[in-house]
Structure formats: C-alpha cells, structure tokens
2 protein chains.
Amino acid sequence: MQLKSSAEQREAFHTSCRRHGLRITPQREVIYDVLCHSGTHPTAEEMHRLIRKRYPSMSLDTVNRALLTFARIGLAEVVEGYGSPRRFDANLAMHHHVHCLQCGMILDFSDPTYDALEIPASLKKQFTILGHKVVLTGICRECREKENRKR
Amino acid sequence: MQLKSSAEQREAFHTSCRRHGLRITPQREVIYDVLCHSGTHPTAEEMHRLIRKRYPSMSLDTVNRALLTFARIGLAEVVEGYGSPRRFDANLAMHHHVHCLQCGMILDFSDPTYDALEIPASLKKQFTILGHKVVLTGICRECREKENRKR
DNA sequence: ATGTTTGCAAATAGTTTGCATCCAG
DNA sequence: CTGGATGCAAACTATTTGCAAACAT
C-alpha cells in the first residue's frame with residue numbers, strides 16, 4: 001500500500017526515530033520503505049524475502065526487530081490475524097470484541113447497531129462475505145490502573 | 001462465557017459430531033465443555049491447564065487437535081489476535097479489513113460509515129478505547145474460483 | 001569515543017507430524 | 001473388530017535472547 005509520497009514517508013520515519021532517540025540505519029530505512037510499499041500486511045519473513053533482493057546481507061532478526069520497534073513507536077501497526085497462540089471461542093452468535101493492547105485480553109460485547117452493519121456493495125463483488133465483527137482496541141481497566149500506579 | 005445450558009450444549013456438540021462422522025470421546029466432551037464455560041477466548045495451552053485439574057492425563061496435543069477440529073466443523077471459531085506470524089501495516093489512517101478465511105490474505109478498505117461508528121458508552125467505562133476497525137471475513141475471489149474448479 | 005544496532009547462533013514457544021496403542025461405534 | 005482418536009516424541013516454524021563486531025551519532 002503506497003500511503004505517502006516517498007518524501008512524506010522519509011519525513012515521518014526520521015521524525016519518529018528522532019523523537020524516540022532511535023538511530024537511523026540503512027536497514028531500518030529499507031525496512032520501513034518496503035513496508036510502506038507493500039499492500040499485503042506482510043509477515044517479517046515475507047518482508048525479509050522482499051528485502052533480500054535489494055539488500056542481500058540483511059538478517060531476518062533485524063527485520064523482526066525493526067518491525068517490532070516501528071510498532072512500539074507508532075510507525076506501524078500489528079494487524080489482527082489468526083496465528084499462534086490461537087484463541088478459540090464457542091460463542092457463535094454475532095458479537096464483537098475489545099482487545100486490550102497491554103495484556104492481550106479479549107472481551108466480548110454485543111451491540112445491535114454493530115450487528116446490523118451494511119457490507120459495502122463494492123466488496124461483495126470481490127469477496128463472498130461470511131461474517132463481520134467490530135474490533136475495538138484499547139487498554140482495559142486493570143492495565144490502566146497498573147499503569148497509573150507505576151507513575 | 002456460558003452460552004448455552006448444559007443440555008443445549010451437549011446437544012449441539014453431539015449433533016455436530018455425528019453430522020461430521022466424528023467420534024464422541026470423553027476428551028472432546030470435556031474440551032468442548034470447558035471452552036463453552038470459559039469467557040476469555042482461551043488458547044490451547046490455557047485450556048489444557050484448566051482441563052488438567054479435572055482430567056490430569058489429557059495431553060496438550062489432544063486439546064489442540066480437538067480445538068482445531070471444532071473450528072473445522074463449525075463448533076467453535078478461531079478468534080482474531082496479534083500472534084505469530086505477526087503481520088505489519090504502515091497504513092495508520094483509519095481503515096478496515098477483509099480476511100480471506102481460506103488463504104489468510106488481508107485486504108484494506110475504507111468506508112466513511114464504518115469510520116464514524118460510535119463506541120458504546122458502557123464500554124468506555126471499562127476500557128480506554130484507542131481505535132476501532134471493522135473486520136469482515138469471507139472467501140476472496142481467487143479462493144472461490146479455485147474451489148469452483150475443484151468440483 | 002560510546003552506546004545503539006546488527007548479524008549470527010542458540011534458546012524458547014507454539015504447533016504439527018508420525019506412529020504405536022487404545023477405544024467408540 | 002476396525003478405523004478414527006489419543007498420547008508421546010520428534011520435527012518444524014516463528015520468535016526471542018545473548019553476545020561480539022560494526023557503525024551512527
């Protein structure tokens with residue numbers, strides 16, 4: 001996904017790194033650039049494969065660490081998926097989720113407005129839509145209080 | 001999450017197993033029961049820990065296999081999370097996702113109606129909500145066509 | 001100069017596979 | 001009885017950690 005012009009992209013990257021006291025290394029620049037131009041929400045492994053074409057000496061660890069660092073400083077996001085450790089749910093009725101970003105807890109809630117959401121017609125052409133769910137992200141009360149106590 | 005009365009639960013379990021030609025084993029019964037009564041979207045490991053109290057000889061593999069089987073026959077769902085392999089995204093603007101359940105592909109889309117979704121007031125008390133996203137699930141065109149060709 | 005970042009290697013976590021034994025049907 | 005299910009062990013995949021060398025500041 002090309003989100004920003006190259007110039008804007010570089011700008012965002014440098015600003016963010018400087019603000020967090022991180023060094024600007026050629027590896028990180030390449031990793032961020034490839035991530036910005038990729039439309040597929042790549043895994044570290046996929047990124048590494050792509051990057052190796054341009055930068056054969058880069059190690060997978062560096063890619064992994066850079067991506068985690070980007071997520072930590074808000075330059076990128078970790079996207080929801082169905083990987084491990086897998087979480088299971090026997091509640092098959094329509095419901096929605098709140099994720100605590102701190103402790104990983106997932107809470108169910110129901111909301112008739114959310115249940116009734118319309119699926120955009122343009123998507124129905126490309127996908128056979130089987131379900132939908134609203135995912136809220138935030139910090140749960142417990143983690144919030146833990147955080148407050150620390151300060 | 002207690003979803004169903006024990007009787008309904010047993011009923012759903014037996015019907016589903018029979019329909020799919022699966023044997024009803026004591027292990028599977030316990031695993032399904034624990035899953036139904038758990039409100040936390042447990043991982044296989046967490047389930048195993050819980051189950052061991054009641055059924056000390058059960059192996060983690062059995063729990064894992066049973067949960068995957070339940071998901072396959074529609075008795076349970078795998079819930080979205082941020083586990084491995086982690087997928088990253090540099091698109092920080094509000095957007096939404098369609099997941100292909102077959103190939104795992106994640107597509108971005110935008111939708112102003114979805115962007116403007118109100119957060120239920122009751123949740124705001126318990127959570128500091130930082131973001132929201134609509135996640136659609138289905139089968140992408142490619143996978144649908146692949147499936148059609150097979151038949 | 002100096003302290004962060006890198007690349008490699010080893011450790012770990014979660015999952016999957018192979019296989020002999022067991023048991024539901 | 002018999003094939004599917006279980007439990008164990010080994011293989012595998014993704015990730016994390018420890019550490020010496022490299023390099024951004």
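When reading the values below, keep in mind they use all heavy atoms of this one structure, side chains included, and skip hydrogens, waters and symmetry mates.
- Dashed line: the shortest gap from a side-chain N or O of A:Gln27 to OP1 or OP2 of C:dG7 is under 4.0 Å.
- Between A:His97 and A:Phe109, the ring center distance fails the sub-6.0 Å criterion.
- Computed from coordinates, the A:Tyr55 OH to C:dG7 C1' distance equals 11 Å when rounded to whole Å.
- No salt bridge links B:Arg87 with A:Glu80; every basic N to acidic carboxylate O contact stays at or beyond 4.0 Å.
- Rounding to whole angstrom units, CZ of residue A:Arg86 and C1' of C:dG14 are separated by 9 Å.
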Full working for ring pair (Phe, Tyr, Trp, His ring centres under 6.0 Å) between B:Tyr114 and B:His95
CA-CA 8 Å; B:Tyr114 289 177; B:His95 66 283; over 10 Å; no
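- Contact between the side-chain N/O atoms of B:Arg28 and the OP1/OP2 oxygens of D:dA5 is found at a separation under 4.0 Å.
- A sub-4.0 Å separation between OP1 or OP2 of C:dG14 and a side-chain N or O of B:Thr43 is absent.
- Residue A:Leu22 has its side chain nearest to C:dT5 when only C:dC8, C:dT5, C:dG14 are considered.
- Remark on DNA chain C: of its neighbouring residues B:Leu68 and A:Ala66, the 5'-side contact belongs to A:Ala66, judged by nearest-heavy-atom nucleotide.
- The residues B:Arg28 and B:Asp33 are annotated as not salt-bridged, no charged nitrogen and carboxylate oxygen being separated by less than 4.0 angstrom.
- Rounding to whole angstrom units, CG of residue B:Asp61 and P of C:dC19 are separated by 16 Å.
- In this structure, B:Thr62 reaches the D:dG7 phosphate: one of its side-chain N or O atoms is under 4.0 Å from OP1 or OP2.
- For B:Met58, taking side-chain heavy atoms from C-beta onward, the closest of the listed nucleotides C:dG7, D:dA14, D:dG7 is D:dG7.
- Straight-line distance from the CD atom of B:Glu45 to the C1' atom of C:dT16: 14 Å, rounded to whole Å.
- To the nearest angstrom, P of D:dA5 lies 14 Å from CD of B:Glu29.
- Computed from coordinates, the B:Leu67 CG to D:dT6 C1' distance equals 15 Å when rounded to whole Å.
- Look at A:Arg52 and you won't find any side-chain N or O under 4.0 angstrom from OP1 or OP2 of C:dG7.
- Taking the side chain of A:Arg23 as heavy atoms from C-beta on, and the options C:dG14, C:dT2, C:dA24, the nearest nucleotide is C:dT2.
- Comparing B:Ser57 and A:Leu60 by the nucleotide of DNA chain D whose heavy atom lies nearest to each, the residue mapping closer to the 5' end is B:Ser57.
- Rounded to whole Å, the distance from CG on B:Asn64 to P on D:dA9 is 17 Å.
- Closest-nucleotide positions on DNA chain D for A:Thr25 and A:Ala44 were compared, and the one nearer the 5' end corresponds to A:Ala44.
- Taking the six-membered ring where the residue is Trp, the centroids of B:Phe88 and A:Phe70 are separated by 6.0 Å or more.
- Side-chain nitrogen and oxygen atoms of A:Arg65 include none within less than 4.0 Å of the OP1 or OP2 phosphate oxygen of C:dC8.
- C:dA13 atom P lies 12 Å from atom CZ of B:Arg49, rounded to whole Å.
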